[in-house]
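See structure below.
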Amino acid sequence: MMKIFVGKNYEEMSKIAAKIFIGAIKEKPNIVLGLATGSTPIGLYKELIRAHKEEGLDFSRVTSFNLDEYVGLSPEHPSSYGYYMKEELFDHVNILRGNTHIPDGKAENVEEYCKVYDEMIEKAGGIDIQLLGVGENGHIAFNEPDESLSLGTTIVKLTENTIEVNSRFFESIEEVPKTAISMGIGGILKAKKIVLLANGEKKAPVIKELLNTDRVSTKFPVSFLLLHPDVTIIVDEEAYNG
Ligand code: GLP
């Protein structure tokens, strides 16, 4: 079942999402969170930092797993998702660094590493809440539209569109890696609860399609969320109305 909340603007969208995450962390202090990167969750992370600083929200027993990372980038690279997570969340709350997991873009044996990543999630008890953004082409994590989609964590080839859209986080488009490690669709659907955020008019076509389709398609990866029993979609008015 999909629930939808429409915030007036980005700030309101972020606050609605923060309420869910703050409530969940308070209810289960040793929660396992699935985390996402990109522009969309920054406001949510700011709210979580505020709740930690002003209300003492405790991350000391929280575990996290991130959705994806570019192949070839170490967490020291300013465009890596490892770097992003430190800057936008981890450095500002009391989460233990050893409890945070981000796919290793420098892994030597990527295939083996992907299996280990999924095993680590399982050993942690599975993801309680998975945060998601969505690409303009309907990708979730880096599961790009394709003939088939991977169930488990895997190495993926990024589409031209994604490389172009994400080049804003790099000095030039040539610097954007062509491949990434991404959790698979099966891994995402294993999360007990999913919270998808989308803001801005560029996401409006994707949100419209998602809310109006009754078909799943590998060409529109976000449609697989229709198979999950507990999905909350939080958007701003621009993403809702276009
Ligand atoms: C990126 C990430 C996704 C993210 C999506 C949307 O490429 N791999 O995890 O959700 O695209 O990004 P943004 O929030 O910047 O629009």
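What's counted below: heavy atoms across the whole structure, side chains too, no hydrogens, waters or symmetry copies. This is a predicted model, so every value here is computed, not measured. Numbering of ligands and ligand atoms starts at 1, following listing order.
At a 4.0 Å heavy-atom cut-off, ligand 1 touches S39 through backbone and side chain alike. Residue L132 does not touch ligand 1, judged by heavy-atom distances below 4.0 Å. Residue-level proximity to ligand 1 for S182 is absent, since no heavy atom of it falls below 4.0 angstrom. Of all the heavy atoms of E136, none lies under 4.0 Å from any atom of ligand 1, so neither backbone nor side chain is involved.
Closest non-hydrogen pair, C114 versus T153, comes out as CB-O, 3.2 Å. Here the closest non-hydrogen pair linking I25 and F59 is CD1-CE2, 3.8 Å.
Ligand 1 has at least one atom lying under 4.0 Å from a heavy atom of R168. Assignment of K203 to the shell around ligand 1 is supported, since a heavy atom sits closer than 4.0 Å.
Of all protein heavy atoms, the one lying nearest to atom 2 (C) of ligand 1 is Y81 OH, 3.6 Å. Among protein heavy atoms, atom 14 (O) of ligand 1 sits closest to T40 OG1, 2.4 Å. Of all protein heavy atoms, the one lying nearest to atom 7 (O) of ligand 1 is N166 ND2, 2.8 Å. The shortest contact between atom 12 (O) of ligand 1 and any protein heavy atom is with G38 CA, 4.2 Å. Among all non-hydrogen protein atoms, the one lying nearest atom 11 (O) of ligand 1 is H139 NE2, 2.9 Å. For atom 4 (C) of ligand 1, the closest non-hydrogen atom of the protein is T37 O, 4.1 Å. What sits closest to atom 6 (C) of ligand 1 on the protein, heavy atoms only, is V134 O, 3.5 Å. Regarding atom 3 (C) of ligand 1, its nearest protein heavy-atom neighbour is A141 O, 3.6 Å.
Side chain of T218 to main chain of L149: no donor-acceptor pair is present (N/O by atom type, distance under 3.5 Å, no hydrogens or angles). Without hydrogens or angle criteria, E69 side chain to G82 main chain gives a donor-acceptor distance under 3.5 Å. Put simply, the side chain of S182 never gets that close to the backbone of A141: no donor and acceptor are under 3.5 Å apart.
Residue I16 is not grouped with residue V235 when hydrophobic side chains (ILVMFWY) are merged at heavy-atom distances under 4.5 angstrom, including chains of intermediate members.
The closest heavy-atom contact to atom 9 (O) of ligand 1, among the options D68, I42, I140, comes from D68.
Residues that satisfy the ring pair (Phe, Tyr, Trp, His ring centres under 6.0 Å) test with Y45, not counting sequence neighbours, are absent from this structure.
Against a heavy-atom cut-off of under 4.0 Å, F142 is close to the following atoms of ligand 1: 7 (O), 8 (N).
Ring geometry for F170 versus H77: interplanar angle of 30 to 60°, hence tilted.
Between F224 and I188, every side-chain heavy-atom pair lies at or beyond the 4.5 Å cut-off.
For an aromatic pair to be called close, the ring centres must be under 6.0 Å apart, and F142 with Y70 satisfies this.
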